[in-house]
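Have a look at the structure below before the remarks.
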Amino acid sequence: MAKNGTNSEAYTTPLRRLLLAAVILCLLGLFFIWRIDSPRVERFRAAVIDRVLPSFDWAMAPVTATVNLARDFRSYQRIYEQNQELRRELRQMSSWKEAALQLEQENAKLRDLNNVRLDPRLTYITGVVLADSGSPFRQSLLINVGSRDGIVDGWATMDGTGLVGRVSGVGANTSRVIMLTDATSRIPATIQPSGQRALIVGDNSPAPPIDFLENPDQVRPGDRIVTSGDGDVFPPGLLIGQVAQDPGGRLRTRPAADFERLEFLRVLRDHGARRVSNPSALILPETPPTAAPTTEPDVDATTSEREN
Amino acid sequence: MDPGLLKTWGMRLLFVFLALIIQFFHLLPLNPAPSQWAGPDVLVAIIFAWSVRRPDYVPMLLVALVMLMADMMLQRPPGLWAVLVVCAAEWLKSRERRQRESTFVLEWLTFASTLVVITMIYRAVTMLLMPSPGVLGLSLVQLLMTIAIYPVVVAVSYALLGVRRAAPGDVDRFGKPI
């Protein structure tokens, strides 16, 4: 190696090492801060994405549309089979429609007798899907409504038919929806008609397994799964999907929402939802049981500030 | 303005631009359903391939910033993958002089082993510190895909973007051999 030891090299190499050490320390520091105080860093992340992603939006929508168009174009090749299939389905559907109309009339009459008002609290805001999580390890979506539109962490989101997930991370203009297929998603559910309570445990697969089921014998494939409202996570009665059984005999959820194509999401306003403001709030009660009933107010203030 | 300096900064800009394009395509909501398949980490392949060839096109601070941004955008734990990639890239750069005479197969092996090592560290740390480290199979698929895509990345950088090793006679703008 011919190293003609110039003066500049003698200075720059140690300087570069120092810089490298500083960069490594900064990045590791950020990672550990994230590990210790994850909500704060996640808020920062939401703010960064909120700033960056809407500026991509002008390009994202047309590119997505073009790729989808190309995919649709490929499906034209088997248009004849599709047509036959659709005709067959249409015949089935028309008989179902007849049944549905009769049931609707009956339902209206019964409602009238009962004087029922549907829950007026469950109104919704519709948002457009901007982006997905960008990695196969996380199942989440970014929608174009945020705190500016009144979105609050923890609200449920649905597509037209079924539950999609939970809002987690709200920026001013965007918010992130953790889908029920994500590995961190746990949703308390009731299985109808048996009324069994269970947990829908996301595991990064298209059909999340059903866990903590009291009595699996009472549950059969095809049963409806709805949210149970336990723990104030979601309002009760939202459709999640159907029970299915995999070849191994394990009970799984076939989601009602069409995860292949999510373009619009409804965010349900839910003012009864429990707000999780600080990291320990999920496990601990909001106000700790006071062992010593008299504490000075200024001490109280400082501790609560530190917790937040 | 000095043409050599201009070219270096042009390539640095190109690198940032490529990183943005890659993230853009990662984020497109084409198929939000979970899949059993993971695409290659092209950004890392580019950083390593360029580090081996022209370290001055991917300076350490720029790599750190770009990777941190990728961590933020792609919902990874912020900083962890960035720090691993920065360390690996610096290690590859320190070997750059020695590798100049070696064959491509050897370089590919070096790339693969580096990637395996940092992926293993990443998996170990996330398994220790995070509640849901993600599916192991997907990590493996991604690792293999990235290793497989490396020759393509190298070929494209070489042929289209002109990132090639400094020839023995080349000098930088101060007249030093690179």
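This is a predicted model, so every value here is computed, not measured.
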Cut-off 4.5 Å, heavy atoms of chain B, and the answer for A/Leu130 is backbone

Honestly, the part of A/Glu260 sitting under 4.5 Å from a heavy atom of chain B is both

Electrostatic pair B/Glu90-A/Arg17, nearest N-O below 4.0 angstrom = no

For A/Asp246 and A/Arg252, the nearest pair of non-hydrogen atoms, with its separation, is OD2-NE, 2.9 Å

Max heavy-atom pairs within cutoff under 4.5 Å with chain B, candidates A/Ser133, A/Ser135, A/Ala183, goes to A/Ser133

If one checks every heavy atom of A/Leu20 against chain B at 4.5 Å, the contacting part turns out to be both

Most contact-rich option vs chain B, by heavy-atom pairs under 4.5 angstrom, among A/Leu28, A/Val63, A/Asp258, A/Leu141, is A/Val63

Whatever's closer than 4.5 Å to a heavy atom in chain A on B/Val141 counts as neither

A cation-pi test, strictly: NZ or CZ of B/Arg54 under 6.0 Å from the centre of the six-membered ring of B/Tyr57 and no more than 45 degrees from its axis. Yes or no?
yes

All heavy atoms of B/Leu84 vs all of B/Ile118, minimum pair found to be CD1-O, 3.5 Å

Ordered numerically, the heavy-atom neighbours of chain A under 4.5 Å found in residues 62-83 of chain B are B/Ala64, B/Leu68, B/Met69, B/Asp71, B/Met72, B/Met73, B/Leu74, B/Gln75, B/Arg76, B/Pro77, B/Pro78, B/Gly79, B/Leu80, B/Ala82, B/Val83

Cut-off 4.5 Å, heavy atoms of chain B, and the answer for A/Ala22 is neither

Heavy-atom nearest pair, A/Val267 first then A/Val167, reads CG1-CG2, 4.0 Å

Q. Angle class for the B/Phe104/B/Tyr150 ring planes (parallel below 30°, perpendicular above 60°, tilted otherwise)?
A. parallel

Under 4.5 Å to a heavy atom of chain B? For A/Thr181 that would be side chain

Closest non-hydrogen atoms of B/Thr119 and B/Leu115, given as atom of the first, atom of the second and distance, are OG1-O, 2.6 Å

Smallest heavy-atom separation, A/Pro54 atom then A/Asp50 atom, equals CD-O, 3.0 Å

So, the part of B/Gln23 with a heavy atom under 4.5 Å from chain A: the answer is neither

Nearest heavy-atom contact between A/Asp149 and A/Asn144 is OD2-O, 4.4 Å

Taken in chain and number order and not counting sequence neighbours, the residues that satisfy ring-ring contact (aromatic ring centres under 6.0 Å, His included) with B/Trp50 are none

